[in-house]
Amino acid sequence: MELFGSSGIRGVALRYLTPELVLEIAKAAGTTWDADRVAVARDTRTTGELFANAAASGLAAVGCDVDRLGVVPTPAVGNYCEATSVPCVLVTASHNPPEFNGIKLVGADGVELSTDVLERIERRVLDDDYDHANWQNAGATTRIDGAVDDYVEQLIGAVDAESIADADLTVAVDPGHGAASVSSPRIYRELGCEVVTVNATPDGHFPGRNSEPVPENLEALRRLVATTDADVGIAHDGDADRAVFVDETGSFVDGDTTFAAMADACLSPGDAVVSAVNVSQRLVDICDANDADLELTPIGATNIITRTRELHEEGVNVPIAGEGNGGVFFPPYRLSRDGAYIGARFLELLAAADGPVSEAVAPYADYHFVRRNVEYGSDDERDDMLSAARAYVETADAAPNTTDGYRLDYGDAWVLVRPSGTEPKIRIYAESADADRAEQLATDMYVAVESGR
(Lines give C-alpha, C1' and ligand atoms only; values in the text may rest on other atoms or scores of the structure.)
Protein backbone atom coordinates (compact mmCIF):
# COMPACT_ATOMS: atom_id res chain seq x y z
CA MET A 1 0.00 0.00 0.00
CA GLU A 2 1.20 3.49 -0.84
CA LEU A 3 -0.36 5.36 2.10
CA PHE A 4 -1.03 2.91 4.91
CA GLY A 5 1.91 1.19 6.53
CA SER A 6 1.93 -1.63 9.06
CA SER A 7 0.15 0.54 11.66
CA GLY A 8 -1.66 3.38 9.91
CA ILE A 9 -0.20 6.53 8.37
CA ARG A 10 2.55 8.54 10.07
CA GLY A 11 4.77 11.43 9.07
CA VAL A 12 6.09 14.82 10.08
CA ALA A 13 3.09 17.03 10.77
CA LEU A 14 2.38 19.74 8.19
CA ARG A 15 5.10 18.33 5.95
CA TYR A 16 4.15 14.78 5.01
CA LEU A 17 0.91 14.63 6.98
CA THR A 18 -1.18 17.64 5.99
CA PRO A 19 -4.75 18.70 6.83
CA GLU A 20 -5.63 18.14 3.16
CA LEU A 21 -4.45 14.52 3.29
CA VAL A 22 -6.29 13.88 6.57
CA LEU A 23 -9.46 15.38 5.06
CA GLU A 24 -9.19 13.03 2.07
CA ILE A 25 -8.54 9.97 4.24
CA ALA A 26 -11.56 10.82 6.39
CA LYS A 27 -13.78 11.24 3.32
CA ALA A 28 -12.55 7.93 1.92
CA ALA A 29 -13.09 6.14 5.24
CA GLY A 30 -16.56 7.63 5.69
CA THR A 31 -17.54 6.65 2.15
CA THR A 32 -16.20 3.10 2.56
CA TRP A 33 -17.79 2.54 5.96
CA ASP A 34 -21.16 3.94 4.78
CA ALA A 35 -21.88 4.70 8.45
CA ASP A 36 -24.34 7.22 9.87
CA ARG A 37 -21.91 8.12 12.69
CA VAL A 38 -18.12 8.06 12.96
CA ALA A 39 -16.00 9.00 15.97
CA VAL A 40 -12.92 11.21 15.88
CA ALA A 41 -10.31 11.02 18.65
CA ARG A 42 -6.70 12.04 19.22
CA ASP A 43 -3.70 11.70 21.50
CA THR A 44 -1.90 14.60 23.20
CA ARG A 45 0.24 15.82 20.27
CA THR A 46 0.24 19.56 19.65
CA THR A 47 -1.10 19.12 16.10
CA GLY A 48 -3.82 16.71 17.22
CA GLU A 49 -6.66 19.20 17.38
CA LEU A 50 -5.79 20.58 13.94
CA PHE A 51 -5.92 17.15 12.32
CA ALA A 52 -8.96 16.06 14.31
CA ASN A 53 -10.80 19.10 12.94
CA ALA A 54 -9.76 18.13 9.40
CA ALA A 55 -10.95 14.56 9.94
CA ALA A 56 -14.29 15.74 11.33
CA SER A 57 -14.76 18.05 8.34
CA GLY A 58 -14.01 15.26 5.89
CA LEU A 59 -16.49 12.90 7.54
CA ALA A 60 -19.22 15.53 7.68
CA ALA A 61 -18.61 16.28 4.00
CA VAL A 62 -19.62 12.71 3.08
CA GLY A 63 -22.68 12.79 5.33
CA CYS A 64 -21.39 11.22 8.55
CA ASP A 65 -22.39 12.61 11.92
CA VAL A 66 -19.25 12.96 14.04
CA ASP A 67 -18.71 11.97 17.69
CA ARG A 68 -15.80 14.06 19.03
CA LEU A 69 -14.11 12.10 21.82
CA GLY A 70 -11.20 14.48 22.45
CA VAL A 71 -7.95 13.18 23.98
CA VAL A 72 -8.32 9.49 24.79
CA PRO A 73 -5.96 6.50 24.71
CA THR A 74 -6.23 4.23 21.69
CA PRO A 75 -7.70 1.33 23.71
CA ALA A 76 -10.46 3.62 24.99
CA VAL A 77 -11.30 4.32 21.35
CA GLY A 78 -11.57 0.57 20.79
CA ASN A 79 -13.91 0.23 23.75
CA TYR A 80 -16.10 3.12 22.55
CA CYS A 81 -16.32 1.74 19.02
CA GLU A 82 -17.21 -1.75 20.21
CA ALA A 83 -19.83 -0.48 22.68
CA THR A 84 -21.53 1.87 20.20
CA SER A 85 -20.87 0.05 16.89
CA VAL A 86 -19.31 3.27 15.57
CA PRO A 87 -15.98 3.33 13.66
CA CYS A 88 -13.33 5.96 14.37
CA VAL A 89 -10.69 8.11 12.71
CA LEU A 90 -7.96 8.30 15.35
CA VAL A 91 -5.28 10.99 15.14
CA THR A 92 -2.07 9.59 16.66
CA ALA A 93 1.55 8.90 15.82
CA SER A 94 1.93 6.38 18.65
CA HIS A 95 5.58 6.26 19.76
CA ASN A 96 7.03 8.62 17.14
CA PRO A 97 8.72 11.94 18.07
CA PRO A 98 6.59 15.02 18.84
CA GLU A 99 6.92 16.53 15.36
CA PHE A 100 5.09 13.50 13.91
CA ASN A 101 1.41 12.77 13.72
CA GLY A 102 -0.64 10.10 12.03
CA ILE A 103 -3.95 8.38 11.40
CA LYS A 104 -5.27 5.02 12.57
CA LEU A 105 -8.64 3.73 11.41
CA VAL A 106 -10.65 1.66 13.88
CA GLY A 107 -13.66 -0.39 12.86
CA ALA A 108 -17.07 -0.53 14.54
CA ASP A 109 -15.90 -3.68 16.35
CA GLY A 110 -13.15 -1.75 18.14
CA VAL A 111 -10.35 -3.30 16.06
CA GLU A 112 -7.98 -1.60 13.63
CA LEU A 113 -8.98 -2.26 10.03
CA SER A 114 -7.67 -5.29 8.18
CA THR A 115 -5.42 -4.86 5.17
CA ASP A 116 -8.17 -5.50 2.63
CA VAL A 117 -10.36 -2.69 3.99
CA LEU A 118 -7.39 -0.33 4.21
CA GLU A 119 -6.62 -1.07 0.57
CA ARG A 120 -10.17 -0.10 -0.42
CA ILE A 121 -9.94 3.17 1.51
CA GLU A 122 -6.52 3.94 0.06
CA ARG A 123 -7.82 3.32 -3.46
CA ARG A 124 -10.57 5.90 -2.92
CA VAL A 125 -7.99 8.47 -1.82
CA LEU A 126 -5.79 7.80 -4.82
CA ASP A 127 -8.75 7.86 -7.21
CA ASP A 128 -10.41 10.90 -5.59
CA ASP A 129 -13.55 8.77 -5.22
CA TYR A 130 -15.91 10.04 -2.49
CA ASP A 131 -19.67 10.12 -1.94
CA HIS A 132 -20.05 13.80 -1.14
CA ALA A 133 -23.10 15.05 0.73
CA ASN A 134 -24.97 18.28 -0.02
CA TRP A 135 -25.87 21.11 2.32
CA GLN A 136 -29.03 19.33 3.45
CA ASN A 137 -27.39 16.08 4.60
CA ALA A 138 -23.91 17.12 5.71
CA GLY A 139 -22.94 15.56 9.04
CA ALA A 140 -23.38 17.19 12.46
CA THR A 141 -20.89 17.14 15.33
CA THR A 142 -21.48 16.02 18.95
CA ARG A 143 -19.00 16.32 21.81
CA ILE A 144 -18.83 13.04 23.71
CA ASP A 145 -17.90 12.93 27.39
CA GLY A 146 -17.24 9.79 29.39
CA ALA A 147 -15.32 7.63 26.92
CA VAL A 148 -12.38 7.36 29.34
CA ASP A 149 -14.69 6.62 32.30
CA ASP A 150 -16.40 3.82 30.39
CA TYR A 151 -13.04 2.37 29.32
CA VAL A 152 -11.67 2.36 32.86
CA GLU A 153 -14.78 0.62 34.19
CA GLN A 154 -14.73 -1.95 31.39
CA LEU A 155 -11.02 -2.78 31.87
CA ILE A 156 -11.27 -3.21 35.63
CA GLY A 157 -14.14 -5.64 35.11
CA ALA A 158 -12.05 -7.68 32.63
CA VAL A 159 -9.15 -8.56 34.98
CA ASP A 160 -8.76 -10.30 38.34
CA ALA A 161 -8.99 -7.14 40.40
CA GLU A 162 -9.23 -9.05 43.67
CA SER A 163 -5.93 -10.89 43.26
CA ILE A 164 -4.16 -7.69 42.18
CA ALA A 165 -5.52 -5.79 45.20
CA ASP A 166 -4.57 -8.63 47.56
CA ALA A 167 -0.97 -8.49 46.29
CA ASP A 168 -0.61 -5.00 47.85
CA LEU A 169 1.59 -3.72 45.02
CA THR A 170 3.23 -0.35 44.61
CA VAL A 171 3.23 0.54 40.92
CA ALA A 172 5.26 3.32 39.29
CA VAL A 173 3.56 4.57 36.11
CA ASP A 174 5.18 6.57 33.30
CA PRO A 175 2.61 7.57 30.64
CA GLY A 176 5.25 9.65 28.84
CA HIS A 177 2.93 12.70 28.73
CA GLY A 178 0.76 10.76 26.29
CA ALA A 179 -2.88 9.72 26.27
CA ALA A 180 -2.39 7.20 29.11
CA SER A 181 -1.93 10.21 31.42
CA VAL A 182 -5.73 10.47 31.61
CA SER A 183 -6.31 6.78 32.38
CA SER A 184 -3.50 4.46 33.51
CA PRO A 185 -2.66 5.95 36.94
CA ARG A 186 -6.38 5.90 37.73
CA ILE A 187 -6.79 2.31 36.55
CA TYR A 188 -4.02 0.94 38.75
CA ARG A 189 -5.28 2.90 41.76
CA GLU A 190 -8.78 1.49 41.26
CA LEU A 191 -7.23 -1.98 41.05
CA GLY A 192 -6.00 -1.48 44.61
CA CYS A 193 -2.38 -0.54 43.94
CA GLU A 194 -0.38 2.24 45.51
CA VAL A 195 0.55 4.39 42.49
CA VAL A 196 3.40 6.83 42.00
CA THR A 197 3.88 8.62 38.70
CA VAL A 198 6.36 10.44 36.50
CA ASN A 199 5.71 12.23 33.16
CA ALA A 200 1.99 11.95 33.92
CA THR A 201 0.70 15.31 32.70
CA PRO A 202 -0.74 15.36 29.14
CA ASP A 203 1.69 17.36 27.00
CA GLY A 204 2.25 16.90 23.27
CA HIS A 205 5.76 18.34 23.48
CA PHE A 206 6.78 15.26 25.54
CA PRO A 207 9.03 17.36 27.82
CA GLY A 208 10.01 14.55 30.20
CA ARG A 209 11.00 11.91 27.68
CA ASN A 210 10.56 10.86 24.08
CA SER A 211 7.38 8.93 23.46
CA GLU A 212 8.85 5.53 22.64
CA PRO A 213 9.19 3.41 25.82
CA VAL A 214 12.70 2.06 25.22
CA PRO A 215 15.43 1.78 27.90
CA GLU A 216 17.23 5.01 27.03
CA ASN A 217 13.99 6.96 27.53
CA LEU A 218 13.04 5.45 30.89
CA GLU A 219 15.73 6.73 33.25
CA ALA A 220 13.21 8.75 35.27
CA LEU A 221 10.94 5.72 35.71
CA ARG A 222 13.87 3.53 36.72
CA ARG A 223 14.93 6.07 39.37
CA LEU A 224 11.34 6.39 40.59
CA VAL A 225 11.04 2.63 41.08
CA ALA A 226 14.33 2.48 42.94
CA THR A 227 13.69 5.48 45.21
CA THR A 228 10.08 4.59 46.12
CA ASP A 229 10.63 0.84 46.60
CA ALA A 230 7.97 0.20 43.98
CA ASP A 231 7.30 -3.40 43.03
CA VAL A 232 7.15 -2.66 39.31
CA GLY A 233 7.33 0.18 36.82
CA ILE A 234 4.98 0.42 33.83
CA ALA A 235 5.63 2.71 30.84
CA HIS A 236 3.47 3.48 27.82
CA ASP A 237 3.93 5.02 24.39
CA GLY A 238 2.08 8.12 23.18
CA ASP A 239 -1.28 6.51 22.43
CA ALA A 240 -1.11 3.93 25.26
CA ASP A 241 -1.42 0.74 23.22
CA ARG A 242 1.90 -0.63 24.50
CA ALA A 243 3.33 -1.38 27.93
CA VAL A 244 6.88 -2.17 28.99
CA PHE A 245 8.17 -2.90 32.47
CA VAL A 246 10.90 -2.10 34.98
CA ASP A 247 11.64 -4.58 37.76
CA GLU A 248 11.91 -3.88 41.48
CA THR A 249 15.60 -2.98 41.19
CA GLY A 250 14.97 -0.33 38.54
CA SER A 251 16.23 -2.56 35.70
CA PHE A 252 14.46 -2.57 32.34
CA VAL A 253 12.75 -5.86 31.46
CA ASP A 254 13.03 -6.71 27.78
CA GLY A 255 9.66 -6.80 26.01
CA ASP A 256 10.35 -10.22 24.54
CA THR A 257 10.85 -11.52 28.08
CA THR A 258 7.50 -10.24 29.36
CA PHE A 259 5.74 -11.42 26.19
CA ALA A 260 7.09 -14.94 26.75
CA ALA A 261 6.16 -14.89 30.44
CA MET A 262 2.57 -13.83 29.74
CA ALA A 263 2.29 -16.37 26.89
CA ASP A 264 3.47 -19.17 29.17
CA ALA A 265 0.73 -18.24 31.64
CA CYS A 266 -2.14 -18.52 29.14
CA LEU A 267 -1.21 -21.14 26.51
CA SER A 268 -2.69 -24.64 26.26
CA PRO A 269 -1.94 -27.50 23.82
CA GLY A 270 -3.41 -26.80 20.39
CA ASP A 271 -3.47 -23.03 20.84
CA ALA A 272 -1.69 -20.69 18.46
CA VAL A 273 0.34 -17.53 19.00
CA VAL A 274 0.62 -14.93 16.24
CA SER A 275 3.75 -12.80 16.12
CA ALA A 276 5.98 -11.01 13.64
CA VAL A 277 8.85 -12.62 11.79
CA ASN A 278 11.41 -11.10 14.17
CA VAL A 279 9.90 -13.10 17.04
CA SER A 280 12.18 -14.00 19.92
CA GLN A 281 13.57 -17.49 20.44
CA ARG A 282 12.14 -17.38 23.96
CA LEU A 283 8.60 -17.30 22.50
CA VAL A 284 9.51 -20.14 20.12
CA ASP A 285 10.63 -22.18 23.14
CA ILE A 286 7.48 -21.36 25.13
CA CYS A 287 5.24 -22.46 22.24
CA ASP A 288 7.18 -25.72 21.97
CA ALA A 289 6.92 -26.30 25.73
CA ASN A 290 3.15 -25.75 25.67
CA ASP A 291 2.56 -27.72 22.45
CA ALA A 292 1.21 -24.56 20.80
CA ASP A 293 1.70 -23.38 17.23
CA LEU A 294 3.54 -20.19 16.33
CA GLU A 295 2.25 -18.25 13.32
CA LEU A 296 4.60 -15.64 11.85
CA THR A 297 3.54 -12.55 9.90
CA PRO A 298 5.30 -9.57 8.36
CA ILE A 299 6.25 -6.97 10.97
CA GLY A 300 3.42 -4.65 12.05
CA ALA A 301 0.20 -4.69 14.06
CA THR A 302 -2.08 -4.73 11.00
CA ASN A 303 -0.52 -7.98 9.77
CA ILE A 304 -0.86 -9.61 13.19
CA ILE A 305 -4.51 -8.58 13.43
CA THR A 306 -5.28 -9.91 9.96
CA ARG A 307 -3.70 -13.32 10.60
CA THR A 308 -5.33 -13.66 14.02
CA ARG A 309 -8.73 -13.00 12.46
CA GLU A 310 -8.05 -15.67 9.84
CA LEU A 311 -7.17 -18.22 12.53
CA HIS A 312 -10.31 -17.37 14.49
CA GLU A 313 -12.37 -18.02 11.36
CA GLU A 314 -10.64 -21.42 11.10
CA GLY A 315 -11.63 -22.24 14.69
CA VAL A 316 -8.12 -21.88 16.14
CA ASN A 317 -7.81 -20.43 19.65
CA VAL A 318 -5.33 -17.53 19.85
CA PRO A 319 -5.10 -16.45 23.51
CA ILE A 320 -2.16 -14.10 22.93
CA ALA A 321 -0.41 -12.38 20.02
CA GLY A 322 1.88 -9.45 19.38
CA GLU A 323 5.48 -8.28 19.27
CA GLY A 324 8.32 -7.89 21.72
CA ASN A 325 8.07 -4.08 21.76
CA GLY A 326 5.35 -4.10 24.43
CA GLY A 327 2.54 -4.38 21.89
CA VAL A 328 0.76 -7.53 23.09
CA PHE A 329 -2.77 -8.57 22.08
CA PHE A 330 -5.10 -10.69 24.18
CA PRO A 331 -7.68 -11.56 21.49
CA PRO A 332 -10.30 -13.08 23.86
CA TYR A 333 -10.42 -9.63 25.50
CA ARG A 334 -10.20 -7.56 22.31
CA LEU A 335 -8.15 -7.88 19.12
CA SER A 336 -6.32 -4.65 19.77
CA ARG A 337 -3.35 -3.60 21.87
CA ASP A 338 -4.18 -2.05 25.23
CA GLY A 339 -1.24 -0.82 27.29
CA ALA A 340 -3.13 -0.55 30.57
CA TYR A 341 -4.67 -4.01 30.11
CA ILE A 342 -1.24 -5.48 29.28
CA GLY A 343 0.00 -3.90 32.51
CA ALA A 344 -2.91 -5.33 34.50
CA ARG A 345 -2.32 -8.82 33.09
CA PHE A 346 1.33 -8.53 34.12
CA LEU A 347 0.19 -7.53 37.62
CA GLU A 348 -1.97 -10.67 37.69
CA LEU A 349 1.10 -12.70 36.79
CA LEU A 350 3.12 -10.94 39.48
CA ALA A 351 0.42 -11.57 42.08
CA ALA A 352 0.33 -15.28 41.22
CA ALA A 353 4.13 -15.54 41.35
CA ASP A 354 4.18 -14.18 44.93
CA GLY A 355 7.66 -12.82 44.35
CA PRO A 356 9.50 -9.91 42.74
CA VAL A 357 9.42 -9.14 39.03
CA SER A 358 13.03 -10.22 38.56
CA GLU A 359 12.22 -13.74 39.79
CA ALA A 360 8.94 -13.96 37.86
CA VAL A 361 10.67 -13.26 34.52
CA ALA A 362 13.97 -15.03 35.19
CA PRO A 363 13.02 -18.25 33.32
CA TYR A 364 12.48 -16.23 30.13
CA ALA A 365 15.36 -13.76 30.34
CA ASP A 366 18.51 -15.75 29.56
CA TYR A 367 18.67 -15.12 25.80
CA HIS A 368 21.10 -13.08 23.75
CA PHE A 369 19.88 -10.82 20.95
CA VAL A 370 22.12 -9.26 18.30
CA ARG A 371 21.08 -6.54 15.85
CA ARG A 372 23.17 -5.07 13.04
CA ASN A 373 22.39 -2.52 10.36
CA VAL A 374 24.00 -2.37 6.92
CA GLU A 375 23.54 0.95 5.14
CA TYR A 376 23.20 1.21 1.37
CA GLY A 377 23.46 4.11 -1.03
CA SER A 378 20.98 3.20 -3.78
CA ASP A 379 18.14 0.83 -4.60
CA ASP A 380 20.44 -1.11 -6.92
CA GLU A 381 22.97 -1.60 -4.12
CA ARG A 382 20.20 -2.72 -1.78
CA ASP A 383 18.94 -5.24 -4.33
CA ASP A 384 22.45 -6.62 -4.89
CA MET A 385 22.99 -7.02 -1.16
CA LEU A 386 19.63 -8.76 -0.71
CA SER A 387 20.49 -11.07 -3.61
CA ALA A 388 23.71 -11.99 -1.80
CA ALA A 389 21.71 -12.68 1.35
CA ARG A 390 19.31 -14.88 -0.63
CA ALA A 391 22.22 -16.87 -2.06
CA TYR A 392 23.58 -17.40 1.46
CA VAL A 393 20.17 -18.46 2.75
CA GLU A 394 19.73 -20.99 -0.06
CA THR A 395 22.88 -22.82 1.06
CA ALA A 396 22.02 -22.80 4.78
CA ASP A 397 21.14 -25.91 6.74
CA ALA A 398 17.65 -24.61 7.53
CA ALA A 399 14.51 -23.92 5.55
CA PRO A 400 14.02 -20.14 5.14
CA ASN A 401 10.85 -18.34 6.15
CA THR A 402 10.27 -15.63 3.53
CA THR A 403 7.28 -13.92 5.17
CA ASP A 404 9.26 -10.71 5.56
CA GLY A 405 12.86 -10.94 4.38
CA TYR A 406 14.68 -14.21 5.09
CA ARG A 407 14.53 -15.94 8.47
CA LEU A 408 16.50 -19.10 9.24
CA ASP A 409 15.40 -21.13 12.27
CA TYR A 410 17.86 -23.64 13.69
CA GLY A 411 15.75 -24.93 16.57
CA ASP A 412 17.92 -23.36 19.26
CA ALA A 413 18.60 -20.08 17.45
CA TRP A 414 17.55 -17.94 14.49
CA VAL A 415 18.77 -15.20 12.18
CA LEU A 416 16.73 -12.76 10.08
CA VAL A 417 17.73 -10.35 7.31
CA ARG A 418 15.25 -7.83 5.90
CA PRO A 419 15.26 -4.31 4.40
CA SER A 420 14.10 -1.57 6.73
CA GLY A 421 10.77 -0.04 5.83
CA THR A 422 11.77 3.41 7.09
CA GLU A 423 15.53 3.86 6.51
CA PRO A 424 18.10 3.01 3.79
CA LYS A 425 19.37 0.05 5.79
CA ILE A 426 19.30 -3.71 5.73
CA ARG A 427 18.62 -5.08 9.18
CA ILE A 428 20.11 -8.27 10.56
CA TYR A 429 18.79 -9.89 13.74
CA ALA A 430 19.99 -13.03 15.51
CA GLU A 431 19.13 -14.64 18.83
CA SER A 432 20.13 -17.66 20.89
CA ALA A 433 20.48 -18.76 24.49
CA ASP A 434 24.19 -19.00 23.61
CA ALA A 435 25.76 -15.54 23.16
CA ASP A 436 28.56 -16.81 20.92
CA ARG A 437 26.09 -18.58 18.64
CA ALA A 438 23.95 -15.45 18.26
CA GLU A 439 27.02 -13.37 17.43
CA GLN A 440 28.25 -15.91 14.89
CA LEU A 441 24.89 -16.14 13.10
CA ALA A 442 24.71 -12.36 12.83
CA THR A 443 28.32 -12.11 11.66
CA ASP A 444 27.91 -14.77 8.98
CA MET A 445 24.82 -13.03 7.62
CA TYR A 446 26.56 -9.64 7.77
CA VAL A 447 29.49 -10.95 5.74
CA ALA A 448 27.08 -12.43 3.18
CA VAL A 449 25.18 -9.14 2.82
CA GLU A 450 28.38 -7.08 2.50
CA SER A 451 29.62 -9.41 -0.24
CA GLY A 452 26.84 -8.07 -2.47
CA ARG A 453 28.25 -4.54 -2.63
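Hydrogens, waters and symmetry mates play no part in the numbers below; they use all other heavy atoms, side chains included.
A salt bridge is absent between D65 and R37: the closest approach of a Lys/Arg side-chain nitrogen to an acidic carboxylate oxygen does not fall below 4.0 angstrom. D409 and R407 are joined by a salt bridge, as a carboxylate oxygen and a charged side-chain nitrogen come within less than 4.0 angstrom of each other. Taking 4.0 Å as the cut-off between side-chain N and carboxylate O, R242 and D338 do not count as a salt-bridged pair. A salt bridge is absent between E24 and K27; no separation between the charged side-chain nitrogens and carboxylate oxygens falls under 4.0 Å. Looking at D404 and R418, a side-chain N of the basic residue comes within less than 4.0 Å of a carboxylate O on the acidic one, giving a salt bridge. Note on D239 versus K104: salt bridge recorded, some NZ/NE/NH1/NH2 to OD/OE distance being below 4.0 Å. Salt-bridge check for R186 with D149: passed, with a basic side-chain N closer than 4.0 Å to an acidic carboxylate O. A salt bridge between E99 and R15 is absent, with no side-chain N of the basic residue lying under 4.0 Å from a carboxylate O of the acidic one. Salt bridge status for R209 with D174: present, with a side-chain N to carboxylate O gap under 4.0 Å.
Within a 6.0 Å sphere centred on CD of E375, heavy atoms belonging to other residues, nucleotides or ligands number 12 at most.
Between the side chain of N134 and the main chain of N137, a donor-acceptor pair closer than 3.5 Å is present. In this structure, D247 contributes its side chain and S251 its backbone to a donor-acceptor pair below 3.5 Å. Under a 3.5 Å cut-off, the side chain of D203 and the backbone N or O of H177 do not form any donor-acceptor pair.
At a cut-off of 3.5 Å, with distance as the only test, a side-chain donor of D116 or S114 sits close to an acceptor on the other residue. No donor-acceptor contact under 3.5 angstrom links the side chains of S211 and D237, judged on distance only. Side-chain atoms of S280 and E431 form a donor-acceptor pair, as typed in the model, at a separation below 3.5 Å. One side chain, R427 or N373, offers a donor N or O that lies under 3.5 Å from an acceptor on the other.
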Given the rule in the side chain to side chain contact (heavy atoms under 4.5 Å, CB included) test, do V152 and E190 qualify, once you have shown the distances and angles that lead to the verdict?
-> CA-CA 9 Å; V152 170; E190 294 195 19; 4.0 Å; yes
Under 3.5 Å, which donor-acceptor pairs do the side chains of residues 310-318 form with other protein atoms, sequence neighbours left out?
unit_1	atom_1	unit_2	atom_2	d
E310	OE1	R307	NH1	2.9
N317	ND2	D271	OD1	2.9

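Distance check: I144 CD1 to T84 OG1 gives 8.5 Å after rounding to the nearest 0.5 Å.
Under the rule for a side-chain hydrogen bond (donor to acceptor under 3.5 Å, both in side chains), Y376 has no partner lying at least two apart in sequence or in another chain.
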